[in-house]
Protein chains: 2
Amino acid sequence: MITLKDLANTLGVSVSTVSKALKDSPEISQDTIKRVKEIAKELNYRPNTLALSLKNRQTKTLGVIIPDILNPFFANTLYGIEQQANKLGYNIITCISNESFTKENDSINLLSNGSVDGFILSISQETQAKDDLNHLKDLLRQDVPIVMFDRTSQSIECDKVVIDDFMSTFNAVNMFIEEGRKKIILINTLGDLSVAKLRVLGYKTALEKSSNTNQEPIIINVDNAKDVRGYIKNMCEVHPDVDGVLCIDNKSGLVAVSALNRLNYNIPKDVSIVGFSSEEFSYLSDPVLSTVTQHGEEIGAVAVDMLVDRLTGNKKKPVSTTTVDFTIDHRGTTLKKS
Amino acid sequence: MITLKDLANTLGVSVSTVSKALKDSPEISQDTIKRVKEIAKELNYRPNTLALSLKNRQTKTLGVIIPDILNPFFANTLYGIEQQANKLGYNIITCISNESFTKENDSINLLSNGSVDGFILSISQETQAKDDLNHLKDLLRQDVPIVMFDRTSQSIECDKVVIDDFMSTFNAVNMFIEEGRKKIILINTLGDLSVAKLRVLGYKTALEKSSNTNQEPIIINVDNAKDVRGYIKNMCEVHPDVDGVLCIDNKSGLVAVSALNRLNYNIPKDVSIVGFSSEEFSYLSDPVLSTVTQHGEEIGAVAVDMLVDRLTGNKKKPVSTTTVDFTIDHRGTTLKKS
DNA sequence: AGCCAAATCTTTAAGTGTAATCATGATTTA
DNA sequence: TAAATCATGATTACACTTAAAGATTTGGCT
């Protein structure tokens with residue numbers, strides 16, 4: 001670590017001269033500026049971020065708390081966050097709550113002492129179940145800005161980035177109905193997550209409102225994502241006439257395709273399948289999975305924009321919620337190709 | 001942000017008294033200690049990490065550079081790194097190089113000014129192709145410790161964590177041979193990556209050394225992972241008698257299962273398939289994919305241990321390479337169940 | 001009681017790296 | 001010679017720790 005002092009010593013001038021010279025201050029002669037810059041380059045001087053942060057009272061670092069890094073949606077979001085943060089001159093400290101309230105809580109407490117300028121987070125499953133959000137309220141009380149994405153809470157007054165979860169399934173079901181599907185089943189592995197509730201509601205509402213069907217909702221709740229295959233097999237015994245499957249998480253759609261293939265359903269002739277995934281994973285199935293795509297990368301980028309805007313711009317402007325458009329991407333498991 | 005000074009002012013004592021009181025220094029009277037602690041708790045005082053880092057000349061932060069966060073192996077590793085780092089009192093700053101040399105280089109330069117105490121990284125594909133490792137050599141020259149994992153380089157003298165890539169495929173192929181397989185094909189989507197070379201070599205060597213087969217190696221190189229399905233179909237036309245498929249990346253194994261199912265191969269009766277994946281993804285196929293499992297989580301944890309050991313312990317001890325055991329997990333796509 | 005030494009408690013000062021304000025000294029100009 | 005200009009230096013603040021110095025109280029002894 002080479003410091004201003006080191007440069008000053010080797011040049012025989014004072015620390016402040018060096019500091020000013022490096023900033024092209026008009027107070028310093030061109031000659032000195034040149035000498036200073038030369039030696040700085042030679043010794044590969046880099047200003048110490050720590051000292052700068054202390055002085056400027058900002059770390060140029062964002063805290064990011066993700067519930068589950070193996071979930072492709074969150075991985076995508078993290079990628080978007082990292083990219084955009086870098087672009088705007090910020091680093092990110094990443095914590096993985098692993099769906100645990102305690103870990104989430106600890107991580108926030110650990111970082112909320114000036115280590116980061118603000119937080120981007122999606123709350124853990126456990127936190128949403130307990131509905132204990134005091135750690136977030138404390139942050140706001142300390143004027144640490146937060147941007148929540150995907151899994152948010154109405155009781156926290158902060159900027160948010162979401163997709164329209166209700167409309168995502170509402171539209172997907174309507175698409176099924178347009179295809180002429182009569183028995184559309186929803187598979188939920190997300191329990192009582194806020195987004196799951198909205199997606200389930202979108203499904204139910206679409207069925208209710210449609211005049212082309214009077215199907216009752218059929219919702220299969222699966223605790224452990226690894227059991228999806230078994231549940232689908234059972235479902236096909238009870239409802240052999242299933243002709244639409246809607247999976248509201250990131251992996252089950254793929255399982256559904258392979259399970260229904262195995263049961264000799266012709267996809268998409270006999271049955272349409274839609275999952276919630278991103279392009280990078282949909283091609284793992286045959287036919288390639290059609291999905292509601294959440295565009296996590298963009299969600300992450302928008303979250304960073306909102307946070308940085310609050311950090312640098314008008315801090316007191318009212319909080320807002322940005323809705324990033326989802327898309328319904330027709331690939332091989334639906335009839336309607338776009 | 002409440003500081004020692006704030007506490008000192010409200011109590012009418014000096015800053016250092018407060019500092020010592022909070023540390024239970026014997027120099028401070030029990031009475032004062034109690035008063036200080038009470039007010040500190042009341043005002044929710046938290047020592048400023050920045051100031052501490054500056055003073056202690058260590059940030060308690062590790063830089064982590066990952067080539068691709070959507071790759072489940074790297075996601076797993078990141079998870080292991082984060083867990084273990086937290087356990088040892090470190091935070092991590094994550095950068096995603098996205099397989100780009102420039103991004104990797106920039107990230108390292110940005111963090112190597114005292115922002116982090118050391119690095120854990122796996123080099124990007126582009127870096128490995130260019131074989132330009134000056135950014136890493138610079139780090140070592142500046143005495144910033146590095147731990148490389150998975151994708152390493154012999155020309156960098158630092159601690160490393162790897163699996164025995166050669167033995168992974170060597171053993172997998174031998175397992176195929178024990179099953180009586182006669183035509184074992186390797187699918188490589190990893191190009192010239194160091195690990196790919198070793199895995200290909202293990203495959204070739206196993207075929208050569210076996211007395212039970214005199215099969216020539218058949219290696220299918222696929223540039224874009226999304227094309228794997230097509231290549232497998234072609235392969236089955238050329239070699240309809242294929243009875244073993246070895247995929248050396250994290251996703252292709254799943255594609256292979258669904259492709260061969262579709263072509264009416266009976267898995268695992270007609271053909272065995274082994275991929276490189278982790279448990280969280282293998283269940284997406286039917287039958288459930290058997291895999292060489294890399295245990296990314298443990299690799300990450302070991303990397304942190306090695307780095308922290310170097311940071312806190314004997315800095316001058318010779319570098320070492322830890323080999324984390326892989327396992328071959330027999331699930332549904334191989335005959336031999338263990 | 002009076003005094004000093006010892007023990008106890010608290011403060012001062014220095015140091016971590018940087019940048020901005022203010023101050024100083026030197027040179028040149030009027 | 002005074003004033004203006006110019007180049008550089010000293011100081012301070014950011015938040016924290018710690019060694020050393022200073023202040024206060026306690027206790028023992030005459």
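Numbers restart at 1 for each chain; the letters A, B, ... are given by sequence-line order, proteins then strands.
- Residue-level contact check: A:Ser29 touches the backbone only, with heavy atoms under 4.0 Å from sugar-phosphate atoms and none from bases.
- Remark: C1' of C:dA19 and CZ of A:Arg57 are 14 Å apart, rounded to the nearest angstrom.
- Of all nucleotides listed (D:dT17, D:dT8, C:dT11), C:dT11 comes nearest to the side chain of B:Lys20.
- For B:Ala51, whose side chain is taken as the heavy atoms from C-beta onward, the closest listed nucleotide among D:dT17, D:dA15, C:dT18 is D:dA15.
- The only member of A:Asp117, A:Asp143, A:Asp159, A:Asp305 that meets salt bridge (Lys or Arg N to Asp or Glu O under 4.0 Å) when paired with A:Arg310 is A:Asp159.
- B:Ser53 comes within 4.0 angstrom of no nucleic acid atom, judged by non-hydrogen atoms across all strands.
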Between B:Asn98 and A:Tyr79, is a side-chain hydrogen bond (donor to acceptor under 3.5 Å, both in side chains) present by the stated rule, with each step listed? CA-CA 9 Å; B:Asn98 199 26; A:Tyr79 179 59; 2.5 Å; yes
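- When each of D:dA20, D:dG9, D:dC14 is scored by its nearest atom to the side-chain atoms of B:Glu27, the top-ranked nucleotide is D:dA20.
- Here D:dT8 is the nucleotide among C:dT11, D:dT8, D:dT18 with the atom lying nearest to any side-chain atom of A:Thr17.
- When each of D:dA15, C:dT10, C:dT18 is scored by its nearest atom to the side-chain atoms of B:Thr32, the top-ranked nucleotide is C:dT10.
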Under the criterion side-chain hydrogen bond (donor to acceptor under 3.5 Å, both in side chains), I'd like the reasoning laid out for A:Glu126 against A:Ser124: C-alpha separation, chi angles, the key distance, then a yes or no. CA-CA 5 Å; A:Glu126 203 184 340; A:Ser124 78; 5.4 Å; no
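- Side chain of B:Ile28, nearest nucleotide from D:dA15, D:dT8, C:dT10: C:dT10.
- Tested against B:Leu139 for a side-chain contact (heavy atoms from CB on, under 4.5 Å), the candidates B:Ile156, B:Leu133, B:Asn109, B:Ile108 yield a single pass: B:Ile108.
- Checking C:dT18, D:dC16, C:dT11 against the side-chain heavy atoms of B:Ser16 singles out C:dT11 as nearest.
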